[in-house]
Every structure is written in C-alpha cells, then in structure tokens.
Amino acid sequence: MAGTGTDLSLEPTALTWPGRVGAALSALRRAPLVTSTVLAVLLCSAIFAPIVAPHTPTQIDVGNSFSPPVWHEDGSWSNLLGTDKLGRDVLSRLIYGARVSLTLSLLIILIGGGSGTFLGILSGYLGKTADAILQRFVELILALPTILVALVFVFTFGTSFTSVMFVLSPFLAARFIRIIRGETLTVRERDYVAIAQVIGSPTHRILWRHILPNVFNTVIVLATLEVGHLILLESSLSFLGVGVPPPNPAWGLMVSDGREFITSAYWITLFPGLAILITVLSLNLFGDWLRDTLDPRRRQL
Amino acid sequence: MAASEPILEIENLVKHFPGPGGFLQRSSVLVRAVDGVSFKVQEGTTFALVGESGCGKTTVAKNVLLLERPTSGSIRFQGKEVQRFSRRELREYKRAVQAVFQDPYSSLNPRMRVMEIIGEPLQVHEGLGGRALRMRVGELLENVGLNPVTGGFFPHQFSGGQRQRIAIARALALQPRLIVLDEPVSGLDVSIRAQILNLLVELQQNFGLSYLLISHDLAIVEHMSHQVGVMYVGKLVELAQKDEMYGNTRHPYTQALLSSVPQPDPDIPMGNAISGEVASPIAPPPGCRFHPRCPLYQETAQCREQEPEWREVVSQHWAACHKI
Ligand SMILES: Nc1ncnc2c1ncn2[C@@H]1O[C@H](COP(=O)(O)OP(=O)(O)O)[C@@H](O)[C@H]1O
Ligand SMILES: [Mg+2]
C-alpha cells in the first residue's frame, strides 16, 4: 500500500536515545540532593543494621547507663550518641529503629495501599452500588480519630507489631481509595478506555492494562507521602505505649523512654526525635518532588 | 452503490440525557441530544453525518458503538437488532464494528507500546501472541503507512498524524465491516488532513469497508462520502446522495453550511456564516428548530409552530422544511 504514507520517518519530536539519557540526567540534577541522601542513608542503615550498628540494640549494661554522647567531657567513643537508663547504645537503637519503622510502614503501605488502590480503581470504574458502599466505608473511616481507635484496638488485642499493622492498614486504605478513585474517574473518560470497550476487552483487562498503569504515578507519590505519615503515627502510638512493644528499638518508644530524664540526659529523647523529624520531612519533600516529576503536564515544560 | 445492502440501519434513534442539575437536586430538564434520527449506511460506502458542534453527532456514534444505550429507537446491523443480540452476536459485533475518534492524544494509552495498542483487539479476540502478533501488527502498520519498527515505540514519540494512523491500524486489526469515524481529522494539523483522508479512502477500497463518517465540516465530507445527512439540534434536516446534496442543496441550513465552507482562514468558526446561536438541545425552539436563524423565515406561523415533515423532495433526497 505504497503512496499513502509519506511520514515513514519519525519527526524531530521523537526522543532519541541520547535525548532520553540527557533528560534522565537533567531530572537527576533537579532531584533534591539532600532529601535523597537522607533517605538513602536511612534505607541503608535499615537494611544493613547488623553490620552498621556498633552494639546490639537490646544489650543491657546497667553499669554504663546515662553515658553522654562523645562530645561531652565524660562521653566515650564506644557510645557515640550516649546510652539510655539501661546502658543501651542510643545510636545502635536508632539504626535498628529505622529498620522497625520502615518495615512496619512498608508493610502497611503494601497491605493498606495495595488494597486501597485496588478498591479505589474498582470504585471509580464500576461506579453504582460498589462505589456507593465503598464511599460510605471511606467516609466512616476518615471520620474516626486514628489514635483513639488504635488505643482501643491495641488495649483489646495487645501491643504487637501485628496489632499496629492491622489497626493502621484500613486508615491507609481509606486514603488510597479516596484519591485513586478520583484519579480513576478522570482516566475512565479517556478515549482509549472507550475504544477498549468498543473492542470488547474484558473489564479486568481494562482495569489492569488501561486504568492501573495510568493511575500508578499517583500511587507511588501517595505511598511516599504516606510513609512519612505512618512513621509519625507509629511513633505516636509507640510513645503512648500502644505501638511497637519494648524492648524493640522503635523511635517513638525511645522518645517516651527518655522523657523522664529530659533535663539530665537529653540525648535519649533528642536523637530519636530528630530522626523522626528529619525522616518525615525528607519523605514529604521527596514525595512533592516525585509528584512534580511524574506529572506529565509539568514534564512537558 | 445504491444497489448494495444496508449494513447499518438507524431508525428513529432518540437519546435524552438528564440535564445539568442544581445543587443537591436531580435536574428535571432533559438534554435532547438525539431526537429521532433515521438513516442507513450501505455496505462498502461512506455515510457522512454533518452538523455544527453539539448537534448530537457523537451521541449517535456512541449509541452505535454501544457506549450509550438509546432512549428509544432501533439500531440494526446486517438486519439484526443490536439491542437484542445474543452474547455470541455481541462478540461478533465488537469484531465487526470499530471506531476512530477525534483526539489522537486521548485515544492511545500513553503507557502502552504501539505493538500492544494495535495488538489488543487481536489478543482479546484471537488470543494472538508472540511472533504471530508481531507479524500481524507489522502488516497493519504498513497498511497505514508506518514503518513496522515503530511497533516498539510509545505514543508520545509520534506526531498527531502518525498517532491517528496508529488508531486507524488498531481499528483495522480485526478486519471489521464498519468503522465509525468521529471527526477523524478535526484534531489534526490542516496540512496533514488530506493524507489521512486519502488513506481512509484507500483502505475502504482495499478492504471493502463501510464508514459512518462524522464531521462538522461539509468540505471534508465531500471528498470521501457517498451519502450525506445533515443534522441540526438532534434531528436530521436533509439527506441525499453526495452529488445531489452538493449540486441540488434544498435545506436552508445546508445551504448556509455550504456557503460558509470556502473560508480561507480555518480559525473562523463556521457558525459565523449563519446568524445567531445554535439552539440549545435542552429547550429547542418550537416548530422548525432552525427557524430563529433561518434566512427564509418571514414571521410565518407555520415555521414557528409546526414541525416540518421529513419528506422526499426529489427521488432519494429527503429534507424537513416548510419552504421547499
Ligand atoms: N453524557 C452526557 N450528559 C449530558 N449531556 C450530554 C452528554 N453527552 C452529550 N451531551 C449533550 O448532548 C449534546 C450533543 O452532544 P454531542 O453528541 O457530543 O454533539 P456533537 O458530537 O455533534 O458535537 C450536547 O449539547 C451535549 O452537551
Ligand atoms: Mg462530537
């Protein structure tokens, strides 16, 4: 069928390989260096905690309690950030604490965010009864005070890693459902979805191949922002004594442990507090950057 | 051409939407998007449906494509009522009837490669995969004048015209009988419109396709249609064979549309040539819907109060106007 097509060659608008590498590089350059570094350090210490940490986080050494950080006169190099009232190394507990916080948050993201994404897509695409029921569920959950519900739940079922996971997952799912449903409502109106319906693609295929990939950027951004939120929640629960049970080294638990001694041994509370602050701030900044980067309208600029 | 069988027959198609509602309340008004439209698409020919934006053309297309359910009326494909299809017939219909839409940026999934986009109908209906699928997609790309190696690319790597070619290739994949073309070149640069129209004509001849071509532009339609129907606010006002329609235009609305065609500047909307605003499908004017804008209208009660009858003014040439 020669003669119809004159545009066999791609126009200059097409991205060539060098062009793509260049685009990737410039995106990296615009990436927030500080927040990515903080997150990388955090991730590495969580993964390699046994190698990086100078001490076992739960090892008690009562003779060495309240040892101050190294820059104090009576500080020692063996406990860089000092020890707590049981003589446990604060730095090692911080490093293992990153592991606890991140594992817990990621698990909740996987369970709550995963199911929230799935239900949000169903709700937005199918509409009607399924949508109405799910929206009532979301409104109910979002109207509940998270901390209070968690307190009641954990008092009933006992403090454990799993309790925290179970009680926080529905809250996260509700937030995902609300946002992903809205996103699905826009994607559903695209012509490629109508064409897939004209072709007769089954619904599961439309959801999997057309809707999910086009809401996925939002899922990633939301997950990043929610990890920060979850770390904060988990810390609050641990601080209140209904989060991760002792002697696990959770940041919120450490802050809570040290609060009696805040005037005499500030380092027991200050460092885990700073860890929470810096991590949550970095995750939020990184999430914002990610959202701007993945937004195709901004990417065109 | 007139001797061929109709592949698609639309009879008295009506589609009303609930109108824009107020705050916290269901609206009581109706949008009469399509209000009794009948026409036939003959096998192997192009039926052009023309009218200003908002007159209900896309709604007709969506009903044919089963994306909307008619309020009333009948759509028959190869003699069978679409609403009463069995599961198997429905599946066959979805193979036989395909579509190309106006906006080539919205009609290709940005997250899929061209191979997957064009291959989707083949995977869904024929379970094709691997080498067989790649071969078939390569052929289809060649059919629309694209290089088969572009199968590995993503839509954003193509220009608007090339994207529309990809959309056409996808519509061809299942060797359909009828393709609904809803403003297939309106979203494209003026310089490449002719290329795409020529491609469509060539594909029609090679594969014996029937087209339902929708456009707001009578000039584009003249090039490739066999029969033309002109719509105004949900109703057909004139219908004839192409040559008859352009050579012996009867309805004042069609005449007004035609006189606005040779605009050298494509940015001047057609509506400018006809005085007044397009009537609203929520509250269409009583009597003849076109009378407030009609150049022939002279305070006659007939035009204002009585709906003009749809009648055959010349053999095979229908129109609805009191003044003809
Ligand atoms: N889903 C809908 N709900 C309400 N009104 C609609 C809907 N779809 C189309 N309409 C209205 O129906 C009329 C005809 O629309 P459409 O068929 O898209 O016109 P065209 O394709 O000729 O420009 C317009 O007034 C439009 O606003
Ligand atoms: Mg339209």
Side-chain angles (χ1 to χ4, degrees), chain A residues 1-20 23 121 125 127-128 183-184 186-220 294-301, chain B residues 62 64-67 90-95 97-112 116-117 120-125 141-147 150 153-159 161-162 165 167 170-171 173-174 180 182 192 195-196 198-203 206:
Chain A
M1 212 171 285
T4 47
T6 46
D7 46 352
L8 278 172
S9 62
L10 285 173
E11 288 178 11
T13 54
L15 276 184
T16 52
W17 271 108
R20 242 194 252 184
I121 287 178
Y125 186 77
K128 300 195 185 113
E183 196 74 5
T184 303
T186 7
V187 174
R188 190 179 72 167
E189 295 305 316
R190 304 269 154 78
D191 284 346
Y192 54 79
V193 176
I195 294 275
Q197 291 167 342
V198 168
I199 287 167
S201 289
T203 303
H204 63 83
R205 188 188 168 98
I206 294 179
L207 296 179
W208 182 250
R209 300 298 301 274
H210 294 289
I211 308 280
L212 181 64
N214 285 289
V215 300
F216 203 70
N217 282 350
T218 310
V219 173
I220 293 295
L294 295 179
D295 186 343
R297 274 158 303 182
R298 292 181 190 240
R299 199 168 38 192
Q300 296 296 325
L301 299 179
Chain B
K62 284 188 170 172
V64 171
L65 296 169
L66 309 183
L67 295 171
L90 201 64
R91 207 176 151 76
E92 282 310 305
Y93 186 72
K94 287 187 171 283
R95 290 187 69 123
V97 180
Q98 299 294 325
V100 175
F101 290 149
Q102 170 173 357
D103 179 4
Y105 290 86
S106 171
S107 70
L108 307 180
N109 184 340
R111 304 262 154 204
M112 280 164 92
E116 300 167 295
I117 291 173
E120 178 164 16
L122 296 163
Q123 288 178 316
V124 168
H125 284 270
L141 281 167
E142 276 179 341
N143 282 344
V144 297
L146 289 173
N147 192 327
T150 58
F153 294 5
F154 283 98
H156 75 259
Q157 296 173 277
F158 296 88
S159 68
Q162 291 168 330
R165 287 173 191 264
R170 171 178 54 192
L174 295 170
V180 176
D182 190 353
I192 51 171
Q195 286 180 24
I196 299 292
N198 287 336
L199 172 68
L200 288 169
V201 170
E202 188 179 336
L203 292 170
N206 289 354

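Bear in mind the structure is a predicted one, so any value in this text is a computation, not a measurement. Lettering follows sequence order; numbering is per chain, from 1.
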Min side-chain heavy-atom separation [X]-[Y] under 4.5 Å:
X: B:F101; Y: A:D191; result: yes
X: A:V198; Y: B:L67; result: yes
X: A:I195; Y: B:Q98; result: no
X: A:N217; Y: B:R111; result: yes

- Message: Can you list the residues of residues 207-216 of chain A that sit under 4.5 Å from chain B, counting heavy atoms only?
- Response: A:R209, A:H210, A:P213, A:N214

- Message: Going by salt bridge (charged side-chain N to carboxylate O under 4.0 Å, His left out), name the residues that satisfy it together with A:R190, two or more places apart in sequence or in a different chain.
- Response: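 Testing A:R190 for salt bridge (charged side-chain N to carboxylate O under 4.0 Å, His left out), a comparison that skips the adjacent residues, returns none.
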
Among [options], single out the residue with the greatest number of heavy-atom pairs under 4.5 Å to chain A.
options: B:P121, B:S107, B:A173; value: B:S107
options: B:R91, B:K62, B:M112; value: B:M112
options: B:N109, B:L108, B:L65; value: B:N109

- Query: What part of B:V180 gets closer than 4.5 Å to chain A, counting heavy atoms only: side chain, backbone, both or neither?
  - Reply: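 Neither; nothing under 4.5 Å.
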
- Side-chain (B:H125) to main-chain (A:I199) donor-acceptor, under 3.5 angstrom: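 Indeed, once roles are kept as given, a pair shorter than 3.5 Å links the two residues.
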
- Message: Rounded to the nearest 0.5 Å, what separates atom OG in A:S201 from atom NZ in B:K94?
- Response: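 Answer rounded to 0.5 Å: 9.0 Å.
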
